[in-house]
Trainee: 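Just dropping this structure here.
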Amino acid sequence: MGNLRRTHYCGELRAEHVGQRVVVCGWVHRRRDHGGVVFVDLRDRTGLGQVVFKPDASPEAHARADVIRSEYVLVVCGVLERRADDAINPNLPTGEVELIADELRIVNFATPPPFPLEDDAPVEESTRMRYRAHDLRRAVMQRRLELRHRLHQSLRAACVEDGFLEIETPILTRATPEGARDFLVPSRLHPGSFFALPQSPQIIKQLLMVAGYDRYFQIARCFRDEDLRADRQLEFSQLDLEMSFVGVEDVLEVLEEITARAFREVLDVELARPFPRLSYDESMARYGTDRPDTRIELEIVDLTDAVADCEFKVFSGAVKSGGLVRALPVPKADEVSRGELDRLVALAQEWGAKGLAWIRVADDGSWQSPIAKFLSDDEREAIASRANLEPGHLIFFMADRESVVCDVLARLRSELGHRLGRVADRPWEPLFVLDFPVFTQDDDGKITYMHMPFVAPREEDIGRIRSHPLEIRSTHYDLVMNGIELGSGSLRNHRSDLQLEIFEVLGYAEASARERFGFLLDALDSGAPPHGGFAFGLDRLALLMAGGESLRDVIAFPKTQRAQDLFMQAPGQVDPDQLRDLGLRLRRKPDPAQDPGDS
RNA sequence: GCGGCGGUAGUUCAAUUGGUUAGAGCACCGGCCUGUCACGCCGGAAGUUGAGGGUUCGAGUCCCUUCCGCCGCGCCA
């Protein structure tokens with residue numbers, strides 16, 4: 001490009017620059033060659049600007065413009081002119097002006113793009129992934145990544161201004177026995193030993209609190225070697241934060257302030273404050289999930305005692321065996337046809353329900369239902385009043401173990417809410433969920449932690465940890481928005497005696513607890529202050545704000561569902577020498593389908 | 001690991017019941033064009049129908065195996 005340097009970005013040319021001599025740099029978005037005059041839409045990350053090559057302005061530039069093709073890289077010099085009134089393009093921010101080129105430097109040629117770079121062009125995602133550099137040139141992707149940039153800056157500024165120190169923590173760390181599968185990195189200097197990539201910096205940030213750093217934050221990369229979903233990648237980013245000498249309210253205040261600020265600075269949206277709060281029990285009872293989308297105007301009702309003794313054995317039997325009966329009433333459900341009812345029942349069965357009973361209240365108030373005949377007048381009356389049944393209503397019943405009832409009704413609520421358009425016209429609905437249990441039971445009935453083993457119980461429950469572990473409540477909190485869990489955290493156990501008691505309930509004798517977490521327990525004993533914090537899922541927050549389909553829309557270079565990078569073609573095989581250095585030998589031949597780009 | 005959907009030209013799609021030489025738009029290449037902005041007009045090239053096997057006189061189409069992509073289950077806070 002010689003000594004020419006950009007004076008303006010393409011997308012920022014305006015009428016106020018008319019008459020100036022400008023230099024723009026960018027990619028050829030489109031060329032319109034009229035023989036005598038050639039128009040080029042030049043693109044950079046700010047947008048498009050029109051460049052005009054006219055023989056009378058510069059015969060050389062016009063002649064050279066003949067070879068220009070899509071995605072060629074140009075540096076163009078000329079005088080900016082106002083367009084004639086009938087040539088103004090109202091669809092472009094730069095549509096009032098155009099650059100009359102007198103010097104053209106083609107600084108690179110380009111192969112034809114593999115697909116159109118328009119926002120609305122339908123392109124298969126695998127093609128986008130293989131040609132990610134082209135995909136990322138599309139304005140929609142540049143907008144999303146810029147939004148994410150602004151999100152990161154907003155969060156970082158909020159933390160810094162609130163007195164938090166940004167401290168990096170190791171990427172090469174130690175495998176943990178709990179939680180997700182670790183990514184392992186073999187150690188060359190210690191053959192047979194492995195580092196692990198962090199699933200989160202949880203313990204290490206607690207050590208920072210022990211060390212007196214008082215307030216820490218980091219935009220931390222985390223790694224979990226589990227199967228991918230639309231909302232789950234192998235590596236992801238968290239705003240990780242921890243503070244000392246605080247209680248739950250102090251942390252929630254920071255969390256709310258940071259979130260509200262991010263929405264203000266990134267989207268120009270003022271979130272209603274304070275954020276509403278919901279207990280875990282209430283959330284499960286009303287919505288069947290601990291991350292409800294409260295915009296959906298349907299709520300679950302409990303009917304366990306109303307039908308405990310009814311003749312319908314599915315209900316009474318479930319109650320007798322310790323389960324419960326809950327229902328989802330749907331007002332004004334006339335549009336749900338009988339065929340759709342059958343499909344919903346089948347859907348519920350896919351979700352794990354044994355069946356899904358329903359009652360439709362006809363216009364004359366009579367009940368149409370396969371199960372109505374098993375219900376006494378008293379039971380009907382109880383159901384109707386509990387669910388506020390009126391003509392036109394439909395109500396779905398689940399009778400099973402609590403976990404199944406909640407799960408199926410929660411999914412049904414979401415499905416019907418969206419299908420019937422029962423979603424309130426409120427774009428952003430943040431919500432804190434509080435008062436989670438510390439412990440829960442796994443499928444075998446064994447007691448396990450609900451979130452992680454370091455969560456502190458509420459102070460008033462500490463005396464009952466051993467005696468009533470499943471009843472005690474934790475200091476854990478979730479931030480939920482529109483049905484998505486954005487972040488969560490808790491106060492941590494800062495006394496080793498309390499932490500050991502919790503390990504004991506989890507089934508670790510002190511010796512084995514010390515073996516696994518000795519460095520943490522020792523650190524607590526060295527003078528740990530009370531502390532707590534949270535971690536914010538940045539990828540999901542960016543996706544929510546940017547409005548894409550999957551995390552791949554807000555990550556520059558994501559992995560496919562089969563955990564490959566089609567652009568870098570990773571993972572790949574390595575040189576045998578590298579394996580030898582690490583003291584490793586392959587037990588299995590490498591996967592022959594090792595060429596992810598060749599489909 | 002399992003279930004569902006998909007894979008045809010660079011790209012987005014079509015191709016009757018298994019039936020002639022697998023078509024179209026855009027992109028691409030060549031030509032023409034001085035006011036376009038999805039420019040226009042004329043012409044052209046472009047295919048291992050993801051891969052392998054099978055059935056058949058004949059397979060894009062049917063069967064089997066396999067690879068890749070997406071969504072979900074399991075898994076995972």
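Quick caveat: nothing in here was measured; it's all calculated off a predicted structure. Chain A is the first sequence line, chain B the second, and so forth, proteins listed ahead of strands; every chain is numbered from 1. Values below: every heavy atom of this structure, side chains too, minus hydrogens, waters and symmetry copies.
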Trainee: Taking any strand in view, what nucleotide pairs with C57(B) in a Watson-Crick or G-U wobble way, both distances under 3.5 Å?
Mentor: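 Paired with C57(B), as far as the under-3.5 Å criterion goes, is G19(B).
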
Trainee: Think Arg32(A) has a side-chain N or O under 4.0 angstrom from the OP1 or OP2 of U34(B)?
Mentor: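 Result: no.
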
Trainee: When the C1' atoms of U11(B) and G47(B) are compared, how many Å lie between them, rounded to an integer?
Mentor: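 Straight-line distance between the two C1' atoms is 14 Å.
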
Trainee: G54(B) and U61(B): how far apart are their P atoms, nearest whole angstrom?
Mentor: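 Going atom to atom, P in each nucleotide, I get 14 Å.
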
Trainee: Do Ser200(A) and Gln238(A) get their side chains close enough for a donor-acceptor pair, meaning under 3.5 Å?
Mentor: no

Trainee: For a quick test of reading the model: is some side-chain N or O of Arg31(A) closer than 4.0 Å to OP1 or OP2 of C28(B)?
Mentor: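 Arg31(A) to C28(B) OP1/OP2: no side-chain N or O under 4.0 Å.
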
Trainee: Is there a side-chain polar atom (N or O) of Arg30(A) under 4.0 Å from OP1 or OP2 of C39(B)?
Mentor: yes

Trainee: Classify the nucleic acid contact of Asp225(A) as base, sugar-phosphate or nothing, counting any heavy atom under 4.0 Å across all strands shown.
Mentor: nothing

Trainee: Between C39(B), U34(B), G72(B), which nucleotide has the shortest distance from any of its atoms to the side chain of Pro55(A)?
Mentor: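 Among C39(B), U34(B), G72(B), the one nearest the side chain of Pro55(A) is U34(B).
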
Trainee: For the rings on Tyr477(A) and Phe432(A), is their centre-to-centre separation under 6.0 Å?
Mentor: no

Trainee: Tell me which nucleotide, if any, is Watson-Crick or G-U wobble paired with C76(B) when both distances must be under 3.5 Å.
Mentor: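 Checking every strand shown, C76(B) finds no partner, since no pair has both distances under 3.5 Å.
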
Trainee: Side chain of Ala230(A) only, please: which of C71(B), C68(B), U11(B) is the nearest?
Mentor: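 Nearest listed nucleotide: C71(B).
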
Trainee: Work out how far the C1' atom of C75(B) is from that of C2(B), and round it to whole angstrom.
Mentor: 12 Å

Trainee: By the 4.0 Å heavy-atom rule, please label Val123(A) as base, sugar-phosphate, or nothing.
Mentor: sugar-phosphate

Trainee: Please report, rounded to the nearest Å, how far the P atom of A77(B) is from the CG atom of Asp442(A).
Mentor: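 Between P of A77(B) and CG of Asp442(A): 14 Å.
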
Trainee: Below 4.0 angstrom from OP1 or OP2 of G30(B), is there any side-chain N or O of Arg69(A)?
Mentor: yes

Trainee: Roughly how far apart, to the nearest Å, are C13(B) and G6(B) at atom P?
Mentor: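 One P to the other, the span is 13 Å.
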
